[in-house]
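Report on one structure; see the data block that follows.
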Amino acid sequence: MTDTQVASSDYEHFSSIPWCARHLHGSKIITGSPASRLPKPNGEDSLYAETLKSQATILAMLEVYEEPHSPTERVDSIKTFLTLGSGLNGHPDVCHGGIVMTILDEVTALLIPINQQRGFMPEMPYMTAYLNTTFLRPVPTCATILAQARTLKVEGRKYLAEGWIEDADGVVLARAEALFVHLKSAL
């Protein structure tokens, strides 16, 4: 399956879920597969592009954001839909806490490549400096969740964001604050 077919398949998957479909429409809405879901020749993003890309782990993943009014504006918020499988269980029908943190780390970082492509952030690798996570309720597996992120501040080499995971009813299940720092040189 090509990358375009995967993106289309994931879009169709979430379009078929009524509470998700409501977020996918609008003249300025942009949807697609996160860059981390696409395999890279150097092995970068293998966790999301290979290991966590199956029926048992993360069946489908789609990023959704609104195109800013001007091409000179930064994209500061993003929604990401994920359908989680039972291969992520820590307890029956409950996602493992380490995977919850992995999802929050990933989603808070999704705005980096989007804004790098728009010329707002340097084309250097960013690494997680910290991820302070609060678990509020169990995150279900064999379910679709919504993970959202918002940029709090970009200052020099630092990118600060917050993220949270919601269920279909909008109940916040976990939240995190993340600091990413771009490296002074490539890895």
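No hydrogens, no waters, no symmetry mates; every other heavy atom, side chains included, goes into these values.
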>> I'd like to check the side chain to side chain donor-acceptor pair (under 3.5 Å) partners of Ser54; sequence neighbours left out, ordered by chain and number.
In response: Thr57
> Do the side-chain N and O atoms of Asp93 and Thr141 include a donor-acceptor pair separated by under 3.5 angstrom?
Replying inline: no
> More than 12 heavy atoms of other residues, nucleotides or ligands under 6.0 Å from NZ of Lys28: is that the case?
Replying inline: yes
>> If we ignore hydrogens and angles and just use 3.5 Å, is the side chain of Asp167 paired with the main-chain N or O of Ile145 as donor and acceptor?
In response: no
> Is the shortest heavy-atom distance from the side chain of Leu88 to the side chain of Ile58 under 4.5 Å?
Replying inline: yes
> Does Ser36 reach the side chain of Pro34, with side-chain heavy atoms less than 4.5 Å apart?
Replying inline: yes
>> Is it the case that the side chain of Arg37 and the backbone of Tyr48 share a donor-acceptor pair, with hydrogens and angles ignored and the cut-off at 3.5 Å?
In response: yes
> Can you tell if the side chain of Val171 reaches within under 4.5 Å of the side chain of Glu166, non-hydrogen atoms only?
Replying inline: no
>> Would you say Leu62 ends up clustered with Trp19 if hydrophobic residues are merged whenever their side chains have heavy atoms under 4.5 Å apart, either directly or through other cluster members?
In response: yes
>> Check for me, please, whether Val181 and Tyr130 land in the same ILVMFWY cluster - side-chain distances under 4.5 Å, paths through other members count.
In response: yes
>> Is there a path of hydrophobic side-chain contacts, each under 4.5 Å between heavy atoms of I/L/V/M/F/W/Y residues, joining Leu179 to Ile103?
In response: no
> Between the main-chain N or O of Met101 and the side-chain N or O of Asp105, is there a donor-acceptor pair closer than 3.5 Å?
Replying inline: no
>> Quick one, Thr144 and Cys20 - any side-chain contact, counting heavy atoms below 4.5 Å?
In response: yes
> Under 6.0 Å from the NZ atom of Lys40, do we count more than 12 heavy atoms belonging to anything else shown?
Replying inline: yes
>> What I'd like to find out is whether the side chain of Glu106 reaches to under 4.5 Å of the side chain of Thr80, using heavy atoms alone.
In response: no
> Is there side-chain contact between Val139 and Val94, with heavy atoms separated by less than 4.5 Å?
Replying inline: no
> If you draw a 6.0 Å radius around NE2 in His25, do more than 12 non-hydrogen atoms from other residues or ligands fall strictly inside?
Replying inline: yes
>> Hydrophobic clusters here meaning ILVMFWY residues chained together by side-chain heavy-atom distances under 4.5 Å, can you tell me if Met121 and Ile78 are in one?
In response: yes
> Hey, are the side chains of Arg74 and Val154 touching, using non-hydrogen atoms and a 4.5 Å cut-off?
Replying inline: yes
>> Evaluate Phe81 against His13 for ring pair (Phe, Tyr, Trp, His ring centres under 6.0 Å), listing each step before the verdict.
In response: CA-CA 10 Å; Phe81 293 97; His13 171 77; 9.9 Å; no
>> Looking at Arg118 and Glu67, is there a salt bridge between them, counting it only when a charged N and a carboxylate O are closer than 4.0 Å?
In response: yes
> Is there a donor-acceptor pair closer than 3.5 Å between any side-chain N or O of Lys53 and the backbone N or O of Ala60?
Replying inline: no
> Do you see a donor-acceptor pair shorter than 3.5 Å between the side chains of Glu162 and Trp164?
Replying inline: no
> Is Ile165 reachable from Leu47 through a run of I, L, V, M, F, W or Y residues, each pair having side-chain heavy atoms under 4.5 Å apart?
Replying inline: yes
>> Could you tell me if Gln148 and Ser77 have a donor-acceptor pair between their side chains, going purely by distance under 3.5 Å?
In response: no
> Do Tyr126 and Gln116 have side-chain atoms, one donor and one acceptor, less than 3.5 Å apart?
Replying inline: no
> Is the distance between the ring centroids of Tyr159 and Phe180 under 6.0 Å?
Replying inline: yes
> Is Leu173 close to Pro140 at the side-chain level, that is, under 4.5 Å between some pair of heavy atoms?
Replying inline: yes
> Is the count of non-hydrogen atoms from other residues, nucleotides or ligands lying under 6.0 Å from Gln55 atom CD greater than 12?
Replying inline: no
